[in-house]
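Worth saying up front: this structure is predicted, and the values here are computed from it rather than measured.
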Amino acid sequence: VMLMACLFVLWCITSFCKAFRRKCCIFPDQLRWCGRLLITMDNLTYFMWFWTAFFWIGFNYYTAVTKSHYHFQFEGMMLFMLLVNVLNWGMIISNSFRYSLEQSMEANEIAHLSMDNIWRSNQLFYMTAPVQLFSILVGIKEYLRYKFYGMDISFWEGGDRGEAAIKIVKYWTLLLVIGPVIAWTCYAIFAHQYLNAWAACIVVTIIGLDVLHPCAYLWVGDSKLTREEADKMKWWQKLTSSKWWARRIYAAVLNPTLTGILKFVGPAYFLLLPL
């Protein structure tokens, strides 16, 4: 109700400003300009919310192994989640039907929204959190060097930071993939007696599946073992060869079939959860 009331008030304000836009009114006079303003604001301040990924990941892992109590009315929360999902999918569907490629290029709008966009945005949310933290810490360090020592910080020192960022994402995604195995093990041993553990284990599993492809690509994406070389290897050589295992993981994970399945898992779960 509050969300609908806020949207109605915003619509009234924009309609009022539209009627007096010739009087040097600088407030957006259409809802689409408010949407673009929010997008611009998000692009300028998104790095300030990097901690939300750590919070939700840590919260779900904590809930998966401990007994938790929540003091709120779940009916209202589930109704709110259902409303958010309906609005989200409504905007995606309407955008897909409304804009063609030619219109999007002329109006500088989003050309096409698909499951790939949603899936990759979820991956980006979890993958970039440690990199953003790393960037903020390095930026603070460089500012302090300039502020207290007067050092020139117009160039990088200490090697390629791009390589450091890749290593951070590499080990971070591996941790997110291994984490659900540990969570389900704890659930099988002792956490099954907690009512909240089941849903938390499902959430961390979906997070692990979201980052499974980037993790596999970073670890085994550069495998140079060809199919001919693999066919010439004996069975005991295959079992003891890290290159052969890397090739098998690459084939098992980075294939169109599994990709087509995983991109629907997360959105489908969060759409059906309120129901």
Side-chain angles (χ1 to χ4, degrees), residues 53-54 56-58 60-61 63-65 92 112-132 134 162-189 191-192 197-273:
F54 293 111
W56 285 116
I57 293 173
N60 283 287
Y61 275 103
T63 308
V65 297
I92 292 175
H112 179 66
L113 284 176
S114 63
M115 295 304 301
D116 287 337
N117 301 104
I118 302 174
W119 188 41
R120 295 182 189 280
S121 65
N122 291 337
Q123 291 177 336
L124 187 67
F125 175 72
Y126 295 114
M127 289 172 54
T128 58
V131 178
Q132 291 176 1
F134 172 72
E163 185 67 23
I166 293 175
K167 288 183 178 180
I168 292 174
V169 175
K170 187 176 180 179
Y171 287 97
W172 172 248
T173 53
L174 180 63
L175 180 63
L176 294 181
V177 171
I178 297 176
V181 179
I182 300 175
W184 282 109
T185 303
C186 295
Y187 180 84
I189 297 175
H192 59 273
W198 169 261
C201 288
I202 294 179
V203 172
V204 298
T205 301
I206 293 176
I207 294 174
L209 292 176
D210 279 338
V211 300
L212 179 61
H213 271 65
C215 179
Y217 180 79
L218 290 173
W219 283 96
V220 301
D222 58 348
S223 178
K224 296 180 175 59
L225 183 66
T226 63
R227 182 176 182 179
E228 291 76 13
E229 293 175 343
D231 293 337
K232 294 179 181 179
M233 299 174 66
K234 299 183 181 300
W235 66 269
W236 56 269
Q237 291 177 326
K238 294 179 180 179
L239 295 178
T240 56
S241 174
S242 60
K243 293 183 179 180
W244 184 83
W245 282 108
R247 177 179 173 81
R248 297 313 306 164
I249 295 175
Y250 184 95
V253 177
L254 302 175
N255 62 81
T257 302
L258 184 61
T259 302
I261 296 174
L262 292 182
K263 70 173 62 175
F264 287 94
V265 172
Y269 170 75
F270 287 107
L271 181 63
L272 298 176
L273 178 61

Heavy-atom side-chain proximity of Trp172 to Leu176 below 4.5 angstrom: yes
Backbone of Ala129 reached by a side-chain donor or acceptor of Gln132 within 3.5 Å: no
Stepwise side chain to side chain contact (heavy atoms under 4.5 Å, CB included) check, Ile182 with Tyr61: CA-CA 10 Å; Ile182 300 175; Tyr61 275 103; over 6 Å; no
Nearest-0.5 Å distance that lies between atom CD in Glu229 and atom CZ in Arg247: 9.0 Å
Gap between atom CG of Leu258 and atom CG of Leu209 - 0.5 Å precision: 8.5 Å
Nearest-0.5 Å distance that lies between atom CG in Asn255 and atom CD1 in Ile261: 8.5 Å
Test log, rule side chain to side chain contact (heavy atoms under 4.5 Å, CB included), inputs His213 and Val253: CA-CA 7 Å; His213 271 65; Val253 177; 4.2 Å; yes
Closest non-hydrogen atom pair between Ala200 and Asn60, with its separation: CB-O, 3.4 Å
Trp235 ring center near Trp244 ring center (under 6.0 Å): no
Contact summary for Val65 and Ala191, nearest pair of heavy atoms: CA-CB, 4.3 Å
For Ala64 against Ala197, the heavy-atom pair lying closest together: O-CB, 3.5 Å
Atom pair CD1/CG of Ile249 and Leu212 - distance to nearest 0.5 Å: 10.0 Å
Heavy-atom neighbours of Trp184 CH2 exceed 12 at 6.0 Å: yes
Spacing of Tyr250 atom OH and Tyr217 atom OH [to the nearest 0.5 Å]: 7.5 Å
Val204 vs Ile57, side chain to side chain contact (heavy atoms under 4.5 Å, CB included): CA-CA, chis, key distance, verdict: CA-CA 7 Å; Val204 298; Ile57 293 173; over 6 Å; no
Arg248/Lys238 under side chain to side chain contact (heavy atoms under 4.5 Å, CB included): CA gap, chis, key distance, verdict: CA-CA 10 Å; Arg248 297 313 306 164; Lys238 294 179 180 179; over 6 Å; no
CH2/Trp245: more than 12 non-hydrogen atoms of other groups inside 6.0 Å: no
Gap separating the CZ atom of Phe125 from the CD1 atom of Ile207, nearest 0.5 angstrom: 8.5 Å
Lys170, NZ atom: more than 12 neighbouring heavy atoms under 6.0 Å: yes
Gln123 side-chain N/O to Val211 backbone N/O, donor-acceptor pair under 3.5 Å: no
Minimum side-chain heavy-atom gap Tyr171-Trp219 below 4.5 Å: yes
